[in-house]
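Structure first, commentary second.
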Amino acid sequence: TQFQVAHSSIVIGAGIVAGGPYGCAESTASRVAPFWFTAVGYNLTQALQGCMQNRLSAWGIPDAKALARRAEDFAEAGRIDKLSELRSDRVYLYSGVADTVILPAIMDQTREFYRRAGVPDDQVEYVKDGKAGHALVTLAEGATCGVTKEPFLNDCDYDQAGAILKHIYGNLTPPAGALASELVEFSQKPYFQGLSRKGIADNGYVYIPPACSEAAGCRVHVAFHGCAQGYEFVGDAHIKGAGFQRWADANRLIILYPQVQSNPATNPKGCWDWWGYTQLDYLTQKAPQIIAIRRMLDALAK
C-alpha cells in the first residue's frame with residue numbers, strides 16, 4: 001500500500017492481503033516526539049493495538065478519512081505522487097474470516113481509505129468472506145485453509161495470485177505447463193547504497209520470462225512478502241508457493257520478490273517498514289525501502 005500510494009504514477013494497481021490502511025501506524029505523538037526511538041515506540045504501540053487488533057476504535061483509530069487527508073497533505077507537499085494518479089488504480093483486498101492477526105474491521109478501514117482517496121468502487125474488489133487465516137491463499141500450497149502458521153500460505157483451493165493479477169491487469173492468458181525460466185537471485189546491495197537503517201536483506205529474487213529477456217514491453221509485478229515470510233524465515237516457500245510465477249510466462253510479467261531482514265531490536269519478524277523502524281519518513285518517496293524498490297524497478301526497466 002505504501003509503495004503504491006507513494007509512486008502511484010508508475011503503479012497501476014495493488015493486491016493487499018490482510019493489511020491495514022496507508023499510514024495507520026503513524027501516531028499523533030510520533031509527529032511531535034523529539035527522538036526517533038521515542039516516536040517509533042509510539043507508532044509500534046498503535047500498530048499492534050490499532051492497526052492489527054481493533055482496540056483503539058473508541059479513539060478513532062484507524063480513521064480512513066483522516067488517513068486520506070494525511071496522504072493528500074503528503075501529495076500537496078510533493079512527498080508522494082498526486083492522489084489523482086491513485087484514482088486510476090485497480091485494487092484487490094482480502095480479509096479471511098479466520099484471521100486473528102489483522103481483524104476484518106481493520107481491512108474495512110483499508111477499503112474505506114481507497115474510497116476516501118478517490119478510487120472508484122468499481123475498481124476495487126474486496127473479498128471479505130474468505131476462509132483463510134493470516135496468510136496468502138493458494139490452490140494447493142501451505143497449511144490447511146484457516147490455519148495461521150509459517151509459511152503463511154493457506155490451501156483454500158483458491159488461486160489468489162491469479163485473482164490479484166487478473167483484477168489489476170485485466171484479461172490474462174491462463175498458465176500452461178512448467179515454468180520456462182529459472183528464478184534469479186540477485187544482490188540488493190547496489191539498491192540500498194547510501195541509505196541508512198534500511199533493514200533490507202543482502203539478496204532478492206526475480207522471475208523473468210524468456211520473452212521479457214528477449215524484448216521490451218513486459219510489466220513488473222512486485223510481490224512483497226509478509227512478516228516472518230521472507231527468505232530468512234521460510235526459504236523459498238513464499239516465492240514458489242504464492243502462485244505469481246505461474247502466470248508470468250503466458251502474460252509477459254516479471255515478478256520481483258524483494259526481501260527485508262529481521263533485526264532483534266527493531267524488527268524481529270522481518271516485516272516491511274510500516275511503523276517507522278527505518279526512519280520516521282517511512283511513508284513517502286524518501287523512505288529507504290521505497291527508494292530501494294524504485295531503484296530495482298528502474299534497473300529492470302533498463
Side-chain angles (χ1 to χ4, degrees), residues 3-4 10-18 88-94 96 122-127 129-133 135-147 150-186 203-226 229-231 234-259 293 296-297 299-302:
F3 189 87
Q4 177 199 21
I10 64 165
V11 177
I12 67 166
I16 297 142
V17 179
S88 62
D89 285 8
R90 300 182 62 80
V91 180
Y92 170 101
L93 304 171
Y94 183 95
D122 62 0
Q123 292 169 207
V124 179
E125 180 180 354
Y126 184 12
V127 181
D129 58 351
K131 308 306 180 186
L136 295 172
V137 189
T138 74
L139 283 169
E141 298 291 330
T144 302
C145 191
V147 174
E150 291 186 1
F152 304 105
L153 299 174
N154 266 194
D155 174 5
C156 296
D157 301 323
Y158 173 57
D159 184 2
Q160 187 170 67
I164 290 171
L165 295 174
K166 286 186 285 186
H167 181 71
I168 293 174
Y169 300 106
N171 292 328
L172 296 179
T173 302
L179 298 179
S181 188
E182 297 291 330
L183 188 73
V184 175
E185 181 180 29
F186 67 95
N203 296 320
Y205 303 85
V206 63
Y207 182 81
I208 304 176
C212 299
S213 298
E214 298 163 1
C218 288
R219 296 167 290 193
V220 182
H221 187 80
V222 185
F224 292 96
H225 61 74
Q229 199 184 37
Y231 197 93
V234 301
D236 62 7
H238 165 252
I239 295 169
K240 292 186 175 180
F244 291 104
Q245 292 175 73
R246 295 176 57 249
W247 292 85
D249 291 328
N251 297 286
R252 305 191 76 219
L253 280 170
I254 295 169
I255 312 295
L256 174 65
Y257 301 94
Q259 302 286 309
I293 300 301
M296 292 178 197
L297 292 175
L300 285 169
K302 292 177 181 178

Closer than 3.5 angstrom, by distance alone: can the side chain of [X] be matched with the main-chain N or O of [Y] as a donor-acceptor pair?
X      : Y      : result
Gln229 : Pro151 : yes
Asp249 : Ala180 : yes
Asn154 : Gly146 : yes
Glu141 : Ala242 : no
Arg246 : Gly162 : no

Please report the shortest heavy-atom distance between [X] and [Y], naming the atom on each side.
X      : Y      : answer
Tyr94  : Tyr158 : CE1-CE2, 4.2 Å
His167 : Arg90  : O-NE, 2.5 Å
Ile254 : Val206 : CG2-CG2, 3.6 Å
Pro258 : Met296 : CB-SD, 4.2 Å
Ala223 : His238 : O-CE1, 3.9 Å
Tyr231 : Gln259 : N-OE1, 2.7 Å

Going by the rule ring-ring contact (aromatic ring centres under 6.0 Å, His included), which residues pair with Tyr207 if we only count those two or more places apart in sequence or in a different chain? none
Across all chains, not counting sequence neighbours, the ring-ring contact (aromatic ring centres under 6.0 Å, His included) partners of Phe224 are Trp272
Can you tell if the side chain of [X] reaches within under 4.5 Å of the side chain of [Y], non-hydrogen atoms only?
X      : Y      : value
Tyr205 : Asp236 : no
Val11  : Val222 : no
Phe244 : Leu165 : yes
Val17  : Ile164 : yes

Can you tell me how far the [atom1] atom of [X] sits from the [atom2] atom of [Y], to the nearest 0.5 Å?
X      : Y      : atom1 : atom2 : answer
Asn171 : Asn251 : CG    : CG    : 10.0 Å
Gln245 : Ser181 : CD    : OG    : 9.0 Å
Leu253 : Ile208 : CG    : CD1   : 12.5 Å
Asp157 : Cys145 : CG    : SG    : 7.5 Å
Leu136 : His225 : CG    : NE2   : 11.5 Å
Leu183 : Ile255 : CG    : CD1   : 10.5 Å

Within 6.0 Å of CD in Glu214, more than 12 heavy atoms from elsewhere: yes
Classify the angle between the aromatic ring planes of Tyr169 and His221 as parallel (below 30°), tilted (30 to 60°) or perpendicular (above 60°). perpendicular
